[in-house]
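Computation of the quantities below employed the complete heavy-atom set of this structure, encompassing side-chain atoms and omitting hydrogens, waters and symmetry-equivalent molecules.
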Amino acid sequence: MAAQGRGWMLLLLCLSFVWETVSWETASNDTEPVPVVIWHGMGDSCCNPLSMGFIKKLVEKEITGIYVLSLEIGNSIAEDMENSFFMNVNDQVELVCNILSKDKNLQNGYNAMGFSQGGQFLRAVAQRCPSPAMLKLITFGGQHQGVYGLPRCPGETSQICNLIRKMLNVGAYSSPIQDHLVQAEYWHDPLNEDLYREKSIFLADINQERGINESYKVNLMKLKKLVMVKFLNDTMVDPVDSEWFGFYKVGQAKDTYSLQESALYQEDRLGLKTMDKAGKLQFLTVNGDHLQFSEEWFVTNIIPYLK
């Protein structure tokens with residue numbers, strides 16, 4: 001009997017040890033930082049040490065042990081940069097969805113940061129590809145209602161920017177340009193809204209301009225936070241109100257409306273009104289030009305959303 005009692009005691013001790021080990025591992029996993037996915041803007045690349053490379057290292061410095069994926073669209077830095085001008089946006093979004101679905105580090109969810117056009121591209125990911133789950137989305141100067149003008153672009157004296165302007169002027173809504181010029185795919189002409197709705201192959205779709213895709217709305221509303229950063233002295237995005245889902249009023253290109261005044265909001269086509277009422281929308285400002293912010297501002301205003 002004494003031997004049998006000692007056997008039970010040993011079994012209980014083993015079970016206790018296993019339980020404590022499992023509990024500790026579970027607690028450790030629960031405290032691991034949420035991974036972050038970054039998508040760069042026009043003319044940039046995943047790993048530029050002065051832009052996305054810097055942001056990646058900054059996040060890693062501020063949040064110990066965090067996994068940060070800076071998206072590379074292509075097989076090289078040069079291809080990544082070129083694709084930011086000339087690869088069909090819908091194809092880019094599909095490519096990114098595949099990358100995220102195969103990344104084992106993201107399967108429990110991730111936060112996302114989109115810079116300039118990367119902002120609306122990541123919103124498309126949230127709307128179209130709910131698995132793995134995007135938890136929070138932060139957009140920096142994202143053109144959520146598109147642009148009507150290209151005042152300048154990286155390296156504006158270069159041939160590539162001049163070519164883009166010529167192509168947009170020739171016909172932003174012609175099929176060849178829509179299919180192959182990224183900036184045309186979020187070109188929004190307030191003087192011809194009907195043509196925009198009919199021909200825009202990307203922005204008009206994700207903004208529910210041609211009908212309501214309920215999955216887009218349901219998926220976007222799953223976000224815990226949608227944080228939109230507007231650059232008050234932005235000389236690239238026209239109009240700057242697009243960074244908060246505002247845009248030019250129909251029929252002219254001077255006066256603008258706000259998100260709350262838009263049909264998108266009032267009819268709750270994307271669930272933004274519901275999200276706003278629930279405190280899920282956050283509107284931040286920076287007194288600077290496009291994507292111009294200090295390290296201190298980023299650490300103070302953005303890092304808390306990633307923790």
**Request:** Start with the C-alpha gap between R123 and N207, add the side-chain angles, then the distance that decides, and say whether side chain to side chain donor-acceptor pair (under 3.5 Å) holds.
**Result:** CA-CA 10 Å; R123 176 163 64 85; N207 280 1; 2.8 Å; yes
**Asked** Can you list the steps and then say if L195 with Y173 is a side-chain contact (heavy atoms from CB on, under 4.5 Å)?
**Response** CA-CA 8 Å; L195 184 63; Y173 297 123; 3.6 Å; yes
**Request:** Please assess T256 against F247 for the test side-chain contact (heavy atoms from CB on, under 4.5 Å), listing each intermediate value before the final yes or no.
**Result:** CA-CA 5 Å; T256 60; F247 203 67; over 6 Å; no
**Request:** Kindly determine whether L306 and I63 satisfy side-chain contact (heavy atoms from CB on, under 4.5 Å), including the steps that lead there.
**Result:** CA-CA 8 Å; L306 304 179; I63 306 176; 3.7 Å; yes
**Request:** Would you sort out whether D103 and Y67 count as a side chain to side chain donor-acceptor pair (under 3.5 Å), showing the intermediate values?
**Result:** CA-CA 11 Å; D103 192 324; Y67 173 73; 2.6 Å; yes
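The nearest pair of heavy atoms linking D268 to K217 is O-NZ, 3.0 Å. Taking each heavy atom of P239 and V237 in turn, the nearest pair found is O-CG1, 3.4 Å.
The number of heavy atoms from other shown groups lying within 6.0 Å of NZ (K224) does not exceed 12. Applying the 6.0 Å contact sphere to CD of E296 captures no more than 12 heavy atoms from other residues, nucleotides or ligands. Sparse packing is recorded around CG of N75, with 12 or fewer heavy atoms of other residues, nucleotides or ligands lying under 6.0 Å away. Counting non-hydrogen atoms of neighbouring residues, nucleotides and ligands closer than 6.0 angstrom, the CG atom of N108 reaches no more than 12 such neighbours. The environment of CD in E62 is crowded: more than 12 heavy-atom neighbours from other residues, nucleotides or ligands sit within 6.0 Å.
Between the side chains of N213 and R128, no donor-acceptor pair is found at a separation under 3.5 Å. Checking D205 against Y216 by side-chain atom types alone, a donor-acceptor pair falls below 3.5 Å. Side chains of Y186 and Q117: a donor on one and an acceptor on the other come within 3.5 Å. Donor-acceptor pairing under 3.5 Å is recorded for the side chains of E193 and H188. With hydrogens and angles left out, the side-chain atoms of H40 and S45 include no donor and acceptor closer than 3.5 Å.
No side-chain heavy atom of V182 sits under 4.5 Å from any side-chain heavy atom of F202. In this structure, V36 and L69 have side chains that are not in contact, with every pair of non-hydrogen atoms separated by 4.5 Å or more. Annotation: side chain of F54 is not in contact with side chain of P49 (no heavy-atom distance under 4.5 Å). Counting heavy atoms from C-beta outward, V93 and D91 have side chains that stay 4.5 Å or more apart. Contact check for L232 versus V240: no side-chain heavy atoms found under the 4.5 Å cut-off. The closest side-chain heavy-atom distance from K225 to I138 is not below 4.5 Å. Residues L291 and F231 meet the side-chain proximity criterion, which asks for heavy atoms closer than 4.5 Å. Contact of the V299 side chain with the I302 side chain is not registered, since no non-hydrogen atoms from C-beta on lie closer than 4.5 Å.
Between the S101 side chain and the N98 main chain, a donor and an acceptor come within less than 3.5 Å of each other. In this structure, the side chain of E72 does not engage the main chain of S70 through any donor-acceptor pair within 3.5 Å. Looking only at distances, no side-chain donor or acceptor of Q92 sits under 3.5 Å from a matching main-chain atom of L95.
Taking the six-membered ring where the residue is Trp, F298 and F140 present parallel rings, their angle staying beneath 30° rather than reaching 60°. Ring planes of Y248 and Y148: perpendicular class, angle over 60° (limits at 30 and 60°). The aromatic rings of W244 and F283 sit perpendicular, their planes meeting at an angle over 60°, well past the 30° parallel limit.
We find the CG-OH distance between L270 and Y265 to be 13.0 Å, quoted to the nearest 0.5 Å. For the atom pair OG1 (T139) and CZ (F245), the distance works out to 7.5 Å, reported to the nearest 0.5 Å. Taking CG of N90 as the reference point, atom CD of E185 lies at 6.5 Å (rounded to 0.5 Å).
There is no path of hydrophobic side-chain contacts, each under 4.5 Å, that joins V37 to M113. Under the 4.5 Å side-chain heavy-atom criterion for Ile, Leu, Val, Met, Phe, Trp and Tyr, M42 and W187 are members of the same hydrophobic cluster.
Ion pairing of D276 with K273 is absent here, as no side-chain N (NZ or NE/NH1/NH2) approaches a carboxylate O to less than 4.0 Å.
Ring centers of F86 and H180: at least 6.0 Å apart, outside the cut-off.
For the side chain to side chain contact (heavy atoms under 4.5 Å, CB included) with D80, the qualifying choice from I73, N48, D44, L71 is I73, the only one to do so.
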